[in-house]
> 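Structure provided below as structure tokens; questions to follow.
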Amino acid sequence: MKTSNVARAVMAALIAIAFAGAARAEIKNYEFQLVQPTVTAGADRIVTVRLVDKTTGKAVPGAVIFATRLDMTPDGMQEMATKVTAMPGTEPGTYRFKATFGMAGRWQLSLGAKVQGETGTVENKLVVTAEK
């Protein structure tokens with residue numbers, strides 16, 4: 001009798017694990033969104049993005065951003081790149097970056113991040129428009 005109770009407990013645990021895994025979001029369900037799509041061209045401009053779980057619409061705090069690049073690829077000038085410096089976010093799930101937008105035009109902000117508890121990498125390319 002003990003063996004059948006143990007077998008049932010093991011089966012129940014496996015089912016619980018399967019459901020818990022199904023409840024977790026997949027990395028493709030996360031995306032970065034620009035808080036403000038435009039900035040004024042010039043030095044030390046701040047760009048704020050929000051990391052969102054697309055299935056719930058909620059902001060996701062605590063991601064580790066490990067890749068950033070800002071260049072003018074949308075305007076055919078990918079060689080025109082600028083340094084990006086991470087800044088502290090002002091709200092949970094927001095991430096801020098300081099950069100110099102040397103000229104007006106469309107700039108591509110490329111981001112790579114790890115979300116806590118998920119495997120894989122969130123990668124997005126966002127277009128910020130710098131205006132005079």
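Predicted, not measured: the structure shown is a model, and the values here were computed from it.
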> With a 4.5 Å cut-off on side-chain heavy-atom distances among I, L, V, M, F, W and Y, is there a chain of contacts connecting Phe97 to Val127?
no

> Looking at every heavy atom in both Asp71 and Thr73, which two are closest together, and how far apart are they?
OD1-OG1, 2.6 Å

> Could you tell me whether a side-chain N or O of Lys83 sits under 3.5 Å from a main-chain N or O of Thr100, the two making a donor and an acceptor?
no

> Going by an N to O cut-off under 4.0 Å, is there a salt bridge joining Asp75 and Arg106?
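A salt bridge links Asp75 with Arg106.
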
> Nearest 0.5 Å, what's the CD-CG distance between Glu31 and Leu111?
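Atom-to-atom, Glu31:CD and Leu111:CG are 12.0 Å apart.
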
> Test side-chain contact (heavy atoms from CB on, under 4.5 Å) on Ile65 and Phe32 and set out the steps.
CA-CA 11 Å; Ile65 311 247; Phe32 284 102; 3.5 Å; yes

> Nearest 0.5 angstrom please: Gln33 CD to Thr48 OG1, how far?
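Rounded to the nearest 0.5 Å, the CD-OG1 separation comes to 13.5 Å.
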
> Any non-hydrogen side-chain atom of Lys114 less than 4.5 Å from a side-chain atom of Thr121?
yes

> Measure the spacing between CZ of Arg69 and OG1 of Thr82 and express it to the nearest 0.5 Å.
10.5 Å

> Measure the spacing between CD of Gln36 and OG1 of Thr129 and express it to the nearest 0.5 Å.
10.5 Å

> Are Phe101 and Met80 grouped together when hydrophobic residues (ILVMFWY) are joined by side-chain heavy atoms under 4.5 angstrom apart?
yes

> Which pair of non-hydrogen atoms, one from Ile27 and one from Glu118, has the smallest distance, and what is that distance?
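Looking at all heavy atoms of both residues, the shortest contact is CD1-CB, 4.0 Å.
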
> Rounded to the nearest 0.5 Å, how far apart are CD of Glu131 and OG1 of Thr38?
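Rounded to the nearest 0.5 Å, the CD-OG1 separation comes out at 4.5 Å.
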
> Does Gln116 reach the main-chain N or O of Gly62 with its side chain, forming a donor-acceptor pair under 3.5 Å?
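Yes: the side chain of Gln116 pairs with the backbone of Gly62.
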
> State yes or no: do Val84 and Met103 share one hydrophobic cluster built from I, L, V, M, F, W and Y residues joined by side-chain heavy-atom distances below 4.5 Å, directly or via other members?
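Yes, one cluster joins them.
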
> Would you compute the distance between atom CG of Leu109 and atom CG of Leu34 and round it to the nearest 0.5 angstrom?
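Rounded to the nearest 0.5 Å, the CG-CG separation comes out at 7.0 Å.
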
> Is there a donor-acceptor contact under 3.5 Å from the side chain of Arg45 to the main chain of Thr40?
yes

> Please report the shortest heavy-atom distance between Ala59 and Pro92, naming the atom on each side.
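Answer, listing the atom of Ala59 first, then Pro92: CB-O, 3.8 Å.
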
> Is atom NZ of Lys54 surrounded by more than 12 heavy atoms (other residues, nucleotides or ligands) closer than 6.0 Å?
yes

> Can you name the nearest heavy-atom pair linking Ala104 to Lys132, along with the distance?
CB-CG, 3.8 Å

> Is it the case that one hydrophobic cluster holds both Val35 and Leu51, taking links as side-chain heavy atoms less than 4.5 Å apart, direct or via other members?
no

> Can you hop from Leu126 to Tyr95 via hydrophobic side chains spaced under 4.5 Å?
yes

> Provide the closest heavy-atom pair for Val39 versus Val47 in the form atom of the first, atom of the second, distance.
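Shortest heavy-atom contact: CG1-CG2, 4.1 Å.
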
> If I compare all heavy atoms of Ile46 with all of Met87, which pair ends up nearest, and what's the gap?
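For Ile46 versus Met87, the nearest heavy atoms are CD1-CG, 4.2 Å.
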
